[in-house]
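Data block below; observations after.
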Amino acid sequence: MTSMPPEERIGSHVKRAEQALLAAKNTALKPSAVTVPQYAALLWLAEKPGISAAALARLCGVTPPTMTTVLKNLQERGLIERSPHEWHRNVLETRLTPEGRAVMEQADAAAVAVERALAAEFSDEERELLVQLLGRCVRVLDAQR
């Protein structure tokens with residue numbers, strides 16, 4: 001017997017919700033032919049053109065090596081372009097291509113539909129409370145690192 005039953009572990013419930021969300025988004029993104037990490041990168045690149053791979057990895061919540069793979073795949077598909085930074089030659093700036101912007105917009109519409117369907121299951125007050133509670137989870141867990 002364990003010291004805490006699995007059904008009482010908040011982390012298990014958070015993980016199941018995350019897995020369900022990722023599965024729903026992966027399904028929704030299939031017509032755009034991008035994965036959730038690729039979509040996240042495209043979305044952030046639309047917001048922050050020229051961002052470095054390291055900064056993009058932090059925003060997307062993945063490791064730098066994972067982001068390197070994501071960017072390589074996006075570049076091979078012609079969805080992004082990378083060029084040396086004007087002042088920091090060993091830093092590559094990353095930008096969406098016109099095709100990348102089109103794919104991002106298609107993927108974003110699908111991802112937003114998933115988010116809206118999820119949000120519709122909660123009242124305004126419940127959504128606000130859920131966001132606050134998840135934020136508290138992040139603060140507590142960050143403090144323990």
When you measure from the side chain of T97 to the backbone of L79, do you find a donor-acceptor pair of N or O atoms at a distance under 3.5 Å?
yes
Going by side chain to side chain donor-acceptor pair (under 3.5 Å), name the residues that satisfy it together with K72, two or more places apart in sequence or in a different chain.
E76
Within the structure provided, determine whether L96 and E81 are in side-chain contact (heavy-atom separation under 4.5 Å).
no
Would you say L22 ends up clustered with L118 if hydrophobic residues are merged whenever their side chains have heavy atoms under 4.5 Å apart, either directly or through other cluster members?
no
Connecting only ILVMFWY residues whose side-chain heavy atoms lie within less than 4.5 Å of each other, what is the rest of L133's hydrophobic cluster?
L129
Suppose we screen for side chain to side chain donor-acceptor pair (under 3.5 Å). Which residues come up paired with T63, at least two apart in sequence or across chains?
T66
Determine whether a donor-acceptor pair (N or O, by modelled atom type, separation under 3.5 Å) exists between the side chain of H13 and the backbone of E8.
no
Determine whether L92 and L59 fall in the same hydrophobic cluster, where Ile, Leu, Val, Met, Phe, Trp and Tyr are linked whenever their side-chain heavy atoms lie under 4.5 Å apart.
no
So which pairs with a foot in residues 51-70 pass salt bridge (charged side-chain N to carboxylate O under 4.0 Å, His left out), sequence neighbours left out?
none
With sequence neighbours excluded, what pairs up with S12 under the side chain to side chain contact (heavy atoms under 4.5 Å, CB included) test?
R9
For residues 42-53, tabulate all N or O donor-acceptor pairs below 3.5 Å that involve a side-chain atom, not counting sequence neighbours.
from : atom 1 : to  : atom 2 : distance (Å)
S52  : OG     : A55 : N      : 3.2

List the residues meeting salt bridge (Lys or Arg N to Asp or Glu O under 4.0 Å) with E121, not counting sequence neighbours, and say none if there are none.
none
Can you name the closest pair of heavy atoms from L71 and I80 and give their distance?
O-CD1, 3.4 Å
Sequence neighbours excluded, the answer for side chain to side chain donor-acceptor pair (under 3.5 Å) partners of R95 is none
According to the salt bridge (charged side-chain N to carboxylate O under 4.0 Å, His left out) rule, which pairs have a member within residues 127-140, sequence neighbours left out?
D124-R127
Could you walk me through whether R82 and Q75 pass side chain to side chain contact (heavy atoms under 4.5 Å, CB included), step by step?
CA-CA 8 Å; R82 304 186 76 198; Q75 190 170 19; 3.7 Å; yes
Sequence-distant partners of K30, side chain to side chain contact (heavy atoms under 4.5 Å, CB included), two or more places apart
none
Which atom pair, heavy atoms only, marks the closest approach of V34 to Q38?
CA-OE1, 3.3 Å
Connecting only ILVMFWY residues whose side-chain heavy atoms lie within less than 4.5 Å of each other, what is the rest of V14's hydrophobic cluster?
I10
Per-pair distances, 0.1 Å, donor-acceptor, side chain in residues 100-116, under 3.5 Å, sequence neighbours excluded:
from : atom 1 : to  : atom 2 : distance (Å)
D108 : OD1    : Y39 : OH     : 2.5
E115 : OE2    : K25 : NZ     : 2.6

Closest non-hydrogen atom pair between R77 and S32, with its separation
NH2-O, 3.7 Å
L74 to A41 - nearest heavy-atom pair and separation:
CD1-CB, 4.1 Å
Between V70 and V62, is a side chain to side chain contact (heavy atoms under 4.5 Å, CB included) present by the stated rule, with each step listed?
CA-CA 10 Å; V70 167; V62 299; 5.8 Å; no
